[in-house]
Each structure stands twice: as structure tokens, then as C-alpha cells.
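Remarks on the structure that follows.
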Amino acid sequence: MLKVGVTGGIGSGKSTICKLFKCLEIPVFNADETGRNLLAEDAAVIEQVATIFGQEVLINGKPDRRRIAEIVFTNPEKLSKLNAVIHPAVRNTFNKWVTEQHSPYVIDETAILFETGNYKQLDYTILVIAPEPVRIKRVIQRDNLEEASVKDRIKNQWTDEEKKKLADFVIINDGITPLLPKVMDIHSRLITQSK
């Protein structure tokens with residue numbers, strides 16, 4: 001079974017692309033959602049986060065994601081420490097999940113796939129890109145954030161140009177370019193490669 005990463009910057013539309021793969025009955029693992037769940041529920045992860053950020057980021061014993069986000073997206077050192085806690089736990093969950101799937105390939109939807117080096121554990125990667133103004137607008141609407149906050153988050157991620165160098169496939173999700181033909185082309189190629 002092939003393992004395929006779908007990645008892209010915040011607001012690029014990774015989830016939209018993954019929904020199309022789900023329609024093709026391809027299992028999709030959402031690393032960001034898994035990370036959020038581990039942060040909220042995994043006692044070892046919560047303990048490590050409290051050690052890094054202090055008790056002030058906990059509300060009723062649970063990490064306050066908004067407060068942590070405010071800290072990490074303006075402090076690369078703290079972001080790196082948080083990633084060092086969350087990413088290994090997410091990878092372990094992904095590896096277990098893969099063993100439970102029965103498909104020619106699976107999708108690993110991950111925001112910072114290249115930045116973490118996790119792309120090296122996958123067979124193929126798909127990069128989803130969109131113009132920055134489109135991305136900013138999507139995130140403001142989705143997460144109810146200020147524009148400056150979204151721009152800070154974008155600054156902490158690699159540029160699309162850096163990611164393109166490592167991507168096997170690129171999908172433009174600008175709200176204009178048709179998505180389905182590109183997804184179907186990639187799907188056909190992956191099915192062929194999985195045989």
C-alpha cells in the first residue's frame with residue numbers, strides 16, 4: 001500500500017482536495033486533527049506541553065490551543081519544541097492507522113509535511129497551493145482570525161516555491177482552476193503505481 005502525503009500552507013485548501021480523494025474511497029488520515037485530539041486528550045502530551053509553556057496555558061487541565069498558537073506562531077523556538085512533542089505522537093498514530101486500511105494507497109493530510117521531514121517516510125507527496133490573498137481570506141473566514149495573525153502563521157511555514165522542489169504533484173486550488181481533473185489524474189497514476 002502506498003503512503004501519499006497531501007500538504008500545503010495554511011488556507012491552501014488541503015482539506016478540499018482530501019475530500020475529493022475520500023469520494024474516490026481513498027482513506028485519509030488528518031494529522032492536524034489527530035494532533036489536536038492528542039493535545040486535548042493524551043496525558044503524556046499534555047504534561048509535556050505544560051512543561052514547555054507553563055501551567056498558564058492550561059484551562060481546567062487542558063491546553064488552551066488559542067493561547068499556545070499565539071505563542072508559537074511568533075516564537076519559532078517554542079514552535080519547534082511543540083512540534084517535537086506532537087509530531088512523534090501523530091506519526092505513531094498514523095503508522096498504526098495505516099495497518100488498519102485496505103486500499104491501493106492512503107492519504108496523510110499534513111500541514112507541515114516537508115518542514116518536519118516526514119515526507120521521507122512517504123511514497124509520494126501532493127502539494128496544494130493557492131495565492132496568498134486567497135489563503136488569508138479563507139483562514140479569516142474559517143478561523144475568525146485577524147489578518148495579521150494569519151500572516152504570522154504563513155511566515156512560519158515554508159514558501160510554496162521551497163515545497164515545490166520536494167513535491168511529486170502540485171494542485172492549484174485558487175477557486176478558479178478545476179480541481180477534479182487534476183485529482184483524477186493523480187489518482188490514476190497512484191493506482192497504477194500501487195500495482
Side-chain angles (χ1 to χ4, degrees), residues 3-18 27-101 106-122 125 127-128 132 135-136 138-160 162-163 166:
K3 294 182 237 176
V4 180
V6 171
T7 192
I10 188 169
S12 62
K14 296 177 295 295
S15 296
T16 298
I17 299 304
C18 288
V28 175
F29 178 86
N30 186 313
D32 292 345
E33 182 179 308
T34 301
R36 285 190 295 272
N37 290 342
L38 289 167
L39 185 61
E41 300 166 8
D42 187 285
V45 169
I46 293 169
E47 182 179 330
Q48 291 175 23
V49 167
T51 300
I52 294 167
F53 297 99
Q55 294 295 318
E56 61 270 13
V57 300
L58 301 181
I59 298 176
N60 298 324
K62 302 284 183 189
D64 178 356
R65 286 184 40 241
R66 225 177 239 279
R67 176 69 187 120
I68 293 170
E70 288 171 4
I71 295 168
V72 300
F73 287 113
T74 58
N75 185 328
E77 183 182 330
K78 291 280 189 182
L79 177 58
S80 181
K81 288 180 179 182
L82 178 64
N83 286 341
V85 171
I86 300 292
H87 291 289
V90 171
R91 286 300 95 206
N92 288 339
T93 305
F94 171 73
N95 290 332
K96 181 178 184 291
W97 175 85
V98 167
T99 65
E100 300 165 354
Q101 306 310 309
V106 295
I107 297 282
D108 179 9
E109 179 184 354
T110 306
I112 56 174
L113 182 66
F114 296 124
E115 294 90 330
T116 61
N118 286 332
Y119 72 96
K120 296 173 186 171
Q121 300 171 18
L122 303 172
T125 58
L127 173 63
V128 182
E132 189 170 303
R135 294 170 58 196
I136 291 168
R138 286 175 180 164
V139 177
I140 289 171
Q141 289 175 344
R142 180 189 70 200
D143 298 343
N144 196 27
L145 295 173
E146 298 294 322
E147 184 173 340
S149 177
V150 178
K151 286 182 176 180
D152 282 341
R153 292 174 187 213
I154 289 173
K155 272 193 288 189
N156 277 310
Q157 295 182 341
W158 285 12
T159 66
D160 288 342
E162 290 172 292
K163 294 175 188 177
L166 298 171

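Each residue takes its place number in the sequence, starting with 1. Note that the coordinates shown come from a computational prediction; the quantities given were computed from them, not determined experimentally.
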Practice prompt. Only pairs at least two apart or in different chains count here, so list each salt bridge (charged side-chain N to carboxylate O under 4.0 Å, His left out) that has a residue in residues 35-52.
Written response: none
Worksheet item: Does Lys163 have any salt bridge (charged side-chain N to carboxylate O under 4.0 Å, His left out) partners at least two apart in sequence or in another chain, and if so, which?
Response: Glu115
Discussion item. Please enumerate all residues that pass side chain to side chain contact (heavy atoms under 4.5 Å, CB included) together with Ile71, with sequence neighbours excluded.
Written reply: Phe53, Val57, Arg67, Lys78
Response to the item:
With sequence neighbours left out, the residues meeting side chain to side chain contact (heavy atoms under 4.5 Å, CB included) with Ile46 are Leu58, Lys62, Pro63
Discussion item. Measuring from atom OG1 of Thr93 to atom CG of Leu38, what distance do you get when rounded to the nearest 0.5 angstrom?
Written reply: 5.0 Å
Item to complete: Determine the minimum heavy-atom distance between Leu79 and Val72, stating which atoms define it.
Response: CB-O, 3.5 Å
Fill in: Residues in side chain to side chain donor-acceptor pair (under 3.5 Å) contact with Thr116, at least two apart in sequence or another chain
Asn118
Worksheet item: With sequence neighbours left out, what residues match Ser15 under side chain to side chain contact (heavy atoms under 4.5 Å, CB included)?
Response: Glu109
Discussion item. Just to verify, what does Asn83 make a side chain to side chain donor-acceptor pair (under 3.5 Å) with, not counting sequence neighbours?
Written reply: His87
Item to complete: Check Tyr119 against Thr125 and note the closest heavy-atom contact, atom names and distance.
Response: CB-CG2, 3.9 Å
Practice prompt. Only counting residues at least two apart or in another chain, list the ones meeting salt bridge (charged side-chain N to carboxylate O under 4.0 Å, His left out) with Lys81.
Written response: Glu77
Worksheet entry | Non-neighbouring partners of Thr51 that pass side chain to side chain donor-acceptor pair (under 3.5 Å), sequence neighbours left out | none
Worksheet item: Does any pair with a residue in residues 140-151 pass salt bridge (charged side-chain N to carboxylate O under 4.0 Å, His left out), and if so which ones, sequence neighbours excluded?
Response: Glu147-Lys151
Practice prompt. May I ask you to test the Leu82-Ile52 pair for a side-chain heavy-atom distance under 4.5 Å?
Written response: no
Practice prompt. Output yes when a side-chain donor or acceptor of Thr34 lies under 3.5 Å from a complementary backbone atom of Asn30, and no otherwise.
Written response: yes
Worksheet item: Arg138 and Ser12: which non-hydrogen atoms are nearest, and at how many Å?
Response: NH1-O, 2.9 Å
Worksheet, complete the sentence: Sequence neighbours excluded, the answer for salt bridge (charged side-chain N to carboxylate O under 4.0 Å, His left out) partners of Lys96 is Glu100
Item to complete: Measure the shortest side-chain to side-chain distance between Lys14 and Val28 over non-hydrogen atoms and say whether it is less than 4.5 angstrom.
Response: no
Worksheet item: Looking only at heavy atoms, which two atoms of Gln101 and Pro27 are closest? And how far apart?
Response: OE1-CB, 3.4 Å
Item to complete: Quick one: list whatever passes side chain to side chain contact (heavy atoms under 4.5 Å, CB included) with Thr7, sequence neighbours left out.
Response: Leu113, Phe114, Leu127
Worksheet item: Between Val98, Leu122, Val90, which is the residue that forms a side chain to side chain contact (heavy atoms under 4.5 Å, CB included) with Asp108?
Response: Leu122
Practice prompt. To the nearest 0.5 angstrom, please state how far the CG atom of Asp32 sits from the CD1 atom of Ile112.
Written response: 8.0 Å
